[in-house]
There are 2 protein chains.
Amino acid sequence: MISAESLSASQEDYLEAIFHISEKKMAARAKDIAKYLNVKASSVTGALRILGKHELINYAPYDLITLTDEGRAIAEEIVYRHQALEKFLVNVLGIDREDADAAACKMEHHVPKAIIERLVKYAEYVDHCPRGGVSWESGFGYYCKHGCTDQDCERCTGEMEIKTEKQL
Amino acid sequence: MISAESLSASQEDYLEAIFHISEKKMAARAKDIAKYLNVKASSVTGALRILGKHELINYAPYDLITLTDEGRAIAEEIVYRHQALEKFLVNVLGIDREDADAAACKMEHHVPKAIIERLVKYAEYVDHCPRGGVSWESGFGYYCKHGCTDQDCERCTGEMEIKTEKQL
DNA sequence: ACAAAAAGTAAGGCGCGCCTAAAAATATCT
DNA sequence: AGATATTTTTAGGCGCGCCTTACTTTTTGT
């Protein structure tokens with residue numbers, strides 16, 4: 001029994017790739033995985049053997065590759081993280097979908113579960129109650145482009161910035 | 001000339017450690033760095049040689065370790081990313097400072113610059129114009145604990161969730 | 001000054017994850 | 001079926017980043 005925490009980032013990528021490929025083709029081939037991950041086919045074999053050893057995939061040489069129940073559960077968890085991150089980046093921060101996807105790929109292995117959950121809550125809040133939340137559409141996008149245009153805003157005198165102590 | 005992008009996560013950690021240690025002691029010793037990064041002193045030597053070769057630190061065997069101007073600039077960029085992330089996690093998402101710091105450590109090497117900048121903007125917006133933004137204090141924290149309590153909220157019938165297509 | 005302690009360095013090893021080149025298994029075509 | 005093309009696996013190598021062990025340099029105490 002392997003917990004999702006003990007997988008390396010690379011192994012998570014393989015699991016995620018297998019999951020996505022399996023959605024469309026019933027089973028994944030090594031070649032597909034290699035193409036999906038921009039990796040050589042020979043690199044895939046080793047990864048598959050490890051995932052097989054952990055019983056996350058059904059793997060036998062020259063045979064079809066499928067996820068075990070446990071593997072699928074973990075893969076879904078990973079995909080969930082990716083989607084949650086991407087959704088947050090797009091809906092809240094206003095990042096382009098394409099950039100958000102790329103960023104999510106980089107980040108997904110390194111954001112603690114607790115943070116993901118909080119961030120889902122936040123996106124949900126923004127999406128659910130637009131009158132209270134700040135999405136890109138409801139104010140933040142405008143602020144991003146034009147800054148604070150509220151004449152009466154008492155903060156506009158004392159600007160706040162994040163600076164390193166010794167920064168010039 | 002080395003750009004900040006070409007440094008490995010590990011090298012960034014070393015640079016960051018040297019920066020923080022130098023803030024308090026004028027110069028860093030290998031032992032301090034080892035302790036700071038929970039790494040053996042012998043592992044430090046190799047890293048220092050690489051950073052020295054890239055002219056990010058002034059390094060000579062048995063001598064004091066200081067940052068070059070370029071090294072300091074990059075270190076400040078790294079620290080900035082860490083602080084920006086942490087601030088966002090705390091002020092916007094309401095994560096405990098301690099957890100936020102740990103999370104920032106894990107994430108800081110993997111969040112694209114453009115995302116960091118957007119996220120700084122967002123935190124700034126929330127902090128700057130609390131009447132418009134949603135910080136932990138101004139509504140989101142309450143929502144997190146109690147959910148949407150607006151009786152008239154027309155969204156509360158059609159719940160939205162992030163789900164994998166095949167998820168049970 | 002000189003032995004003892006502390007700090008730093010060198011050499012060699014290990015795991016991970018990728019690569020290339022070549023061999024083996026499988027699929028396809030006539 | 002037999003030749004050919006495709007896919008997969010094996011074998012061996014490389015870089016990174018960490019480790020341990022042993023050695024050298026510097027600092028410290030008397």
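Just so it is clear, the values below take in all heavy atoms, side chains as well, and ignore hydrogens, waters and symmetry mates.
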Side chain to side chain donor-acceptor pair (under 3.5 Å) against Glu16(A), all qualifying residues, sequence neighbours excluded: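 Partners of Glu16(A) by the side chain to side chain donor-acceptor pair (under 3.5 Å) criterion come out as none, since no residue qualifies.
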
Any residue meeting side chain to side chain donor-acceptor pair (under 3.5 Å) with Tyr36(A), in chain and number order, not counting sequence neighbours: His20(A)

Donor-acceptor pairs are to be reported for all side-chain atoms of residues 94-101 of chain A against protein atoms at under 3.5 Å, with residues two or more places apart or in another chain.
residue   : atom : partner  : partner atom : Å
Arg97(A)  : NE   : Glu86(A) : OE2          : 3.2
Asp101(A) : OD1  : His82(A) : NE2          : 2.9

Contact state string [nucleotides 8-20 of chain C, B base, S sugar-phosphate only, - no protein heavy atom under 4.0 Å]: SBB------SSBB

Residue pairs fulfilling salt bridge (charged side-chain N to carboxylate O under 4.0 Å, His left out) with at least one residue in residues 53-64 of chain A, sequence neighbours excluded: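 Every pair satisfying salt bridge (charged side-chain N to carboxylate O under 4.0 Å, His left out) with a residue in residues 53-64 of chain A: there are none.
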
Inter- and intrachain pairs under ring pair (Phe, Tyr, Trp, His ring centres under 6.0 Å), touching residues 92-116 of chain A, at least two apart: His110(A)-His110(B)

